[in-house]
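A quick write-up on the structure given underneath.
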Amino acid sequence: MREFRKIQKRFYKMMKALIIFSVVFIVVYIGAQPYVKEISAVAAAVCSYFCQFLIIANLCAVFAYYNKYAKCDKFLEAVEYEIADFGYYLTARPENSENAFIKAMQNDLLKNGYSVQSDIEIDEFDFAFAGLSKKNFFYAANIESLSRNDILAYIDAVINDITVYSLKRKGNAVICFVTDKAEEEAIAVSKMITPLGKKEQIKIALAIVQPADKKCYFLGNMQTKQQQMIANYVLKCNIPIPDTLKGERNLPFQEELEKHMRDFDIKSFKNGTFYAH
């Protein structure tokens, strides 16, 4: 991935330089065209053809860049944030039990204008509560031993709730899993963002919190509405997240992700056969 990103950045710089040079040359030539034509009709014709060449070259460069790199840019950027992030954060909430932690989050959401439904079932999956405020969704689920399969199943349920039952086409969603123990495979996907729609109108972020040891796993270094929601209602802090609530860096799952991304291949990505998780 790093080598791919180096080539991408080099290509982008070259494309940007070509565009700037072309714009400057064409603007200057438009102003100087009458004088150039007076001096030499041949020189004016050459400059005119050169301007046309620059326009075509720019179109080709932009098309080549966006055809090869634009589709994977957001994907790679998100993965880079995952790898560079702190492995976990610490919640400032004093509640040590799962039920008390969930109740405290629910009360804070109510105080901030969220409409909250407690003890609900969505697609046969139990949620401690679901909160809604305009286009912001906050779901909490209490699972004793959280697995990767649990997370994926709950994401599907939330997608249905937002798009099918609530009929929303834009929004920011957080699924907070409150557990006594999260399995390693579950922690490995804790920083994953699930986008929906061609323009990613809906994004779903995860937060895995263990009240007993205060650890919370989520993507905390990317500035998003979801980051703010998790900081406010799970960590009980403001943005930027205080250094006192930042845990360790480079946990095993982040190192594994970095190794996996060394095999990133643009063709596999476009074919839909390459996944980060």
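Residues: numbered from 1 along the sequence shown.
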Report task. Decide side chain to side chain contact (heavy atoms under 4.5 Å, CB included) for Lys225 and Lys135; before the verdict, give the C-alpha distance in whole Å, the side-chain angles of both, and the deciding distance to 0.1 Å. Result -> CA-CA 11 Å; Lys225 181 61 180 178; Lys135 296 178 181 179; over 6 Å; no

Query raised in the report: Are Leu219 and Val234 connected, step by step, through hydrophobic side chains (Ile, Leu, Val, Met, Phe, Trp, Tyr) whose heavy atoms are closer than 4.5 Å?
Result: no

Query raised in the report: Under 3.5 Å, is there a donor-acceptor pair between the side chain of Ser268 and the main chain of Thr273?
Result: no

**Report entry** CD/Glu121: more than 12 non-hydrogen atoms of other groups inside 6.0 Å
**Finding:** yes

Report task. In plain terms, say whether Glu95 and Lys103 are close enough for a salt bridge, that is, a side-chain N and a carboxylate O under 4.0 Å apart. Result -> no

**Report entry** Step-by-step side chain to side chain contact (heavy atoms under 4.5 Å, CB included) determination, Val62 to Ile19
**Finding:** CA-CA 9 Å; Val62 171; Ile19 292 172; 4.1 Å; yes

Query raised in the report: Are more than 12 heavy atoms from other residues, nucleotides or ligands located less than 6.0 Å from atom NZ of Lys37?
Result: no

Query raised in the report: Hey, does the side chain of Gln106 reach the backbone of Ser118 with a donor-acceptor pair shorter than 3.5 angstrom?
Result: no

Requested in this report: Identify the residue among Phe86, Phe253, Tyr88 that makes a side chain to side chain contact (heavy atoms under 4.5 Å, CB included) with Lys191.
Outcome: Phe253

Query raised in the report: Looking at Lys68 and Asp73, does any basic side-chain N land under 4.0 Å from a carboxylate oxygen?
Result: no

Query - Minimum heavy-atom distance Leu90-Thr244, with the two atoms named - result: CD1-O, 4.1 Å

Query raised in the report: With distance as the sole test, does Asn271 use its side chain to make a donor-acceptor pair with the main-chain N or O of Lys267 at under 3.5 Å?
Result: yes

Query raised in the report: Any chance CD of Gln117 has more than 12 other-residue heavy atoms, nucleotides or ligands included, within less than 6.0 Å?
Result: no

Query - Residue pair Gln210 / Ala182: nearest heavy atoms and the distance that separates them - result: OE1-N, 3.1 Å

**Report entry** Side chain to side chain, Thr179 and Glu98, heavy atoms closer than 4.5 Å
**Finding:** no

**Report entry** Rounded distance (nearest 0.5 Å) linking atom CG of Asn142 with atom CG of Asp126
**Finding:** 10.0 Å

Report summary line: Between the CD1 atom in Ile122 and the CG atom in Asp156, the distance rounded to the nearest 0.5 Å is 12.5 Å

Report task. Supply the atom-to-atom distance Asp85 CG to Arg249 CZ, rounded to the nearest 0.5 angstrom. Result -> 7.5 Å

Report task. Indicate yes or no for a side-chain donor-acceptor contact from Ser133 to the backbone of Asn136 under 3.5 Å, with no hydrogens or angles considered. Result -> no

Report task. Answer yes or no: are there more than 12 heavy-atom neighbours, outside Lys170 itself, under 6.0 Å from its atom NZ? Result -> no

Query - Step-by-step side chain to side chain contact (heavy atoms under 4.5 Å, CB included) determination, Val158 to Phe137 - result: CA-CA 9 Å; Val158 165; Phe137 299 84; over 6 Å; no

Query raised in the report: Side-chain contact, heavy-atom cut-off 4.5 Å: Arg169 with Gln201?
Result: no

Query raised in the report: Where is the tightest heavy-atom contact between Ile83 and Glu258, given as atom of each residue plus distance?
Result: CD1-CA, 3.7 Å

Query - Cys72 and Phe264, any side-chain heavy atoms less than 4.5 Å apart - result: yes

Query raised in the report: If you measure from CG on Leu54 to CZ on Phe21, what distance do you get to the nearest 0.5 Å?
Result: 6.0 Å

Requested in this report: Taking the six-membered ring for Trp and the single ring otherwise, decide whether the centroids of Phe50 and Phe25 are under 6.0 Å apart.
Outcome: yes

Query - Student check: side-chain heavy atoms of Arg93 and Met105 closer than 4.5 Å - result: yes

Query raised in the report: Is the ring centre of Phe4 less than 6.0 Å from the ring centre of Phe269?
Result: no

Query raised in the report: Given side chains that start at C-beta, do those of Leu206 and Phe218 come closer than 4.5 Å, heavy atoms only?
Result: no

Query - Atom pair CD (Glu185) and CG (Leu146), whose distance is rounded to the nearest 0.5 Å - result: 11.5 Å

Report summary line: From the list Tyr139, Phe177, Phe138, ring-ring contact (aromatic ring centres under 6.0 Å, His included) partner of Phe127 resolves to Tyr139

Report task. Any chance you could measure Leu251, atom CG, to Ile187, atom CD1, to the nearest 0.5 Å? Result -> 8.0 Å

Query raised in the report: Is the number of heavy atoms from other residues, nucleotides or ligands under 6.0 Å of Tyr35 OH greater than 12?
Result: no

**Report entry** Heavy-atom pair with the smallest gap, counting every atom of Gly220 and Ile241
**Finding:** O-CD1, 4.0 Å

Query raised in the report: Can any side-chain N or O of His260 pair as donor or acceptor with the backbone N or O of Tyr275 at less than 3.5 Å?
Result: yes

Requested in this report: Determine, step by step, whether Ser147 and Asp150 satisfy the side-chain hydrogen bond (donor to acceptor under 3.5 Å, both in side chains) criterion, reporting the C-alpha distance in whole Å, the side-chain angles of both residues, the deciding distance to 0.1 Å, and the verdict.
Outcome: CA-CA 5 Å; Ser147 69; Asp150 291 328; 3.0 Å; yes

Query - Neighbour count >12 (heavy atoms, 6.0 Å) for atom CD, Glu255 - result: yes

**Report entry** Any Ile143 side-chain heavy atom under 4.5 Å of Tyr154 side chain
**Finding:** yes

Requested in this report: List the steps and the verdict of side chain to side chain contact (heavy atoms under 4.5 Å, CB included) for Ile55 and Ile26.
Outcome: CA-CA 9 Å; Ile55 292 171; Ile26 292 172; 4.0 Å; yes

Requested in this report: Could you state whether Val209 and Val116 fall into the same hydrophobic cluster, counting links through intermediate Ile, Leu, Val, Met, Phe, Trp or Tyr residues with side-chain heavy atoms under 4.5 angstrom apart?
Outcome: yes

Query raised in the report: Hey, are the side chains of Leu257 and Val79 touching, using non-hydrogen atoms and a 4.5 Å cut-off?
Result: yes

Report task. Kindly indicate whether the side chain of Phe129, heavy atoms from C-beta on, has any atom under 4.5 Å from the side chain of Tyr114. Result -> no

Requested in this report: Please work out which of the three classes, parallel, tilted or perpendicular, describes the rings of Phe11 and Tyr69, given edges at 30° and 60°.
Outcome: perpendicular

Query - In one Ile/Leu/Val/Met/Phe/Trp/Tyr side-chain cluster, 4.5 Å: Ile204, Ile193 - result: no

Report task. Report whether Tyr12 and Phe75 are members of the same hydrophobic cluster (ILVMFWY, side-chain heavy atoms less than 4.5 Å apart, transitive linking). Result -> yes

Query raised in the report: Taking Glu82 for the side chain and Gln254 for the main chain, is one N or O donor matched with an acceptor at less than 3.5 Å?
Result: no

**Report entry** Co-membership, hydrophobic cluster, residues Ile239 and Tyr81, 4.5 Å side-chain
**Finding:** no

Query raised in the report: Between Lys168 and Ile202, which heavy-atom pair has the shortest distance, and what is it?
Result: O-CD1, 3.7 Å

